[in-house]
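Heads up, the thing below is written out as structure tokens.
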Amino acid sequence: MTQPLPEVGLVLPVYNGEPFIADSIRTVLATFDEHGIPIELVIPTDGCTDGTADAARSVDDPRVRVLEFTENRGKGAVVTEGLLVANGRWIGWLDADLDIHPETIVRMVGMLRQGDIDIVVGSKRHPDSVVSYPLIRRVYSAGYQALVRVLARVSARDTQVGAKLMRREVAEVTAPLLLVKRYAFDLEVLAVAAQFGFDRVEEAPITLEYRFSGTGIDRRAIWLMMLDTLAISYRLHIRHWYTRQFAALHRRRVEESSTAVLATDVLVAPISDAGQAS
């Protein structure tokens with residue numbers, strides 16, 4: 001039976017997720033089937049050292065595409081690859097462990113259908129969100145988001161939740177320009193989108209209970225995220241790198257298109273001449 005064209009293209013990035021990835025895929029598909037929303041799932045495996053890719057392929061469903069990367073490249077890198085190939089009117093991603101239930105993405109679809117919105121982000125700061133995590137992390141998160149508003153000028157109050165959905169054209173513009181591979185990837189997507197006028201961002205509530213014990217903070221990760229954030233701000237406001245790169249990509253496409261047309265003319269011209277001579 002022919003599958004309907006997907007309304008949603010959803011990327012589920014995963015690293016060493018063999019124990020849960022098949023169940024996660026089935027849960028997402030069942031959730032969207034329940035709501036009658038055609039979906040395509042893109043599963044990029046980020047240099048896994050277990051059987052994640054085979055476990056994902058075990059879900060025998062034509063709506064599932066597995067992208068297997070043998071090298072660990074970082075969540076941002078593999079999500080970008082997924083965004084570049086995903087099909088759908090709405091494109092986004094969700095953490096594959098389903099700490100956030102796919103019903104959140106369904107809610108985002110409804111928001112995008114009804115309003116003039118470019119991007120919907122899951123937000124811990126939405127008044128309807130139910131979130132359980134330590135106070136120290138709340139403090140760090142609030143401080144980081146305040147810095148983000150100054151450096152990147154992004155309106156979203158929470159940039160880091162792993163659940164986002166956007167118009168296809170937003171993904172088409174931003175994905176080829178992204179450089180951050182790991183820590184501040186979500187911020188870069190929102191900042192670049194705003195740079196090109198896709199600044200109509202709405203927040204969706206989430207239910208989230210972090211699966212860890214203790215309150216330790218990875219100081220190295222915090223430091224690297226800060227460096228990524230400063231680099232994004234530098235490229236945005238000082239070098240204007242994203243707009244320059246966008247222009248360069250557009251010029252290259254035009255040049256390649258012109259070259260293809262000229263090559264076709266060269267091939268056709270002798271045939272036309274021969275026809276006239278006869």
How close do [X] and [Y] get, heavy atom to heavy atom, and via which atoms?
X: G197; Y: D118; answer: O-OD2, 4.0 Å
X: G47; Y: Y15; answer: O-CE1, 3.6 Å
X: V66; Y: A56; answer: CG2-CB, 3.8 Å
X: I232; Y: A184; answer: CD1-O, 3.8 Å

Short side-chain to backbone donor-acceptor contact, S129 and V131, under 3.5 Å: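 Not confirmed, S129 side chain does not pair with V131 backbone.
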
Exam field: side chain T159 to backbone L187, donor-acceptor pair closer than 3.5 Å: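 Here the side-chain-to-backbone pair does not exist.
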
Determine, for [X] against [Y], whether the closest basic-nitrogen to carboxylate-oxygen distance falls under 4.0 angstrom.
X: E68; Y: R57; result: yes
X: E7; Y: R113; result: yes
X: E203; Y: R157; result: yes

Validation row: [X], [Y] side chains within 4.5 angstrom (heavy atoms):
X: K124; Y: I206; result: yes
X: V192; Y: V173; result: no
X: I37; Y: W90; result: no
X: L178; Y: V189; result: yes
X: I43; Y: I25; result: yes
X: L94; Y: L10; result: yes
X: L190; Y: K164; result: yes
X: E40; Y: V64; result: no

Approximate separation, where rounding is to 0.5 Å, of [X] [atom1] and [Y] [atom2]:
X: Q245; Y: R239; atom1: CD; atom2: CZ; answer: 9.5 Å
X: I117; Y: L112; atom1: CD1; atom2: CG; answer: 5.5 Å
X: I222; Y: M225; atom1: CD1; atom2: CE; answer: 8.5 Å
X: D61; Y: L29; atom1: CG; atom2: CG; answer: 5.0 Å

Not counting sequence neighbours, which residues clear side-chain contact (heavy atoms from CB on, under 4.5 Å) with [X]? List them please.
X: A204; result: M108, M111, V120
X: A96; result: L12, V14, F20, I21
X: R153; result: H237
X: A22; result: R26, S58, V59

Sequence neighbours excluded, every pair satisfying ring pair (Phe, Tyr, Trp, His ring centres under 6.0 Å) that has a member inside residues 157-207: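 Residue pairs with at least one partner in residues 157-207: W93-F185, F196-F246.
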
Result of checking T49, N72, T45, T52 against N16 for side-chain hydrogen bond (donor to acceptor under 3.5 Å, both in side chains):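 Testing each of T49, N72, T45, T52 against N16, the sole residue satisfying side-chain hydrogen bond (donor to acceptor under 3.5 Å, both in side chains) is T49.
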
Side chain to side chain donor-acceptor pair (under 3.5 Å) contacts in which one or both residues fall within residues 169-178, not counting sequence neighbours: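 Sorted pair list: R89-E169, R168-E172.
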
If the condition is salt bridge (charged side-chain N to carboxylate O under 4.0 Å, His left out), which residues does [X] pass it with, not counting sequence neighbours?
X: E103; value: none
X: D33; value: R63
X: D46; value: none

Side-chain hydrophobic cluster, 4.5 Å single linkage: members besides V254: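 Noted: V254 shares its cluster with no other residue.
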
Remaining members of the apolar cluster that contains Y234, side-chain heavy atoms under 4.5 Å: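 In the cluster with Y234 are I238.
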
No-hydrogen, no-angle side-chain donor-acceptor test under 3.5 Å, D97 and S24: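 Judged by distance alone, the side chains do not pair up.
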
Candidate list I100, D186, L208, test side chain to side chain contact (heavy atoms under 4.5 Å, CB included), partner V161, passing option: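 Exactly one candidate clears the test, I100.
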
Side chain to side chain contact (heavy atoms under 4.5 Å, CB included) between R200 and D116, worked out: CA-CA 7 Å; R200 300 174 299 178; D116 293 329; 3.3 Å; yes

Scan the side chains in residues 73-83 for donor-acceptor partners under 3.5 Å anywhere in the protein, sequence neighbours excluded, and list what turns up.
unit_1, atom_1, unit_2, atom_2, d
R73, NH2, E81, OE2, 3.3
K75, NZ, D95, OD1, 2.7
T80, OG1, G76, O, 2.8

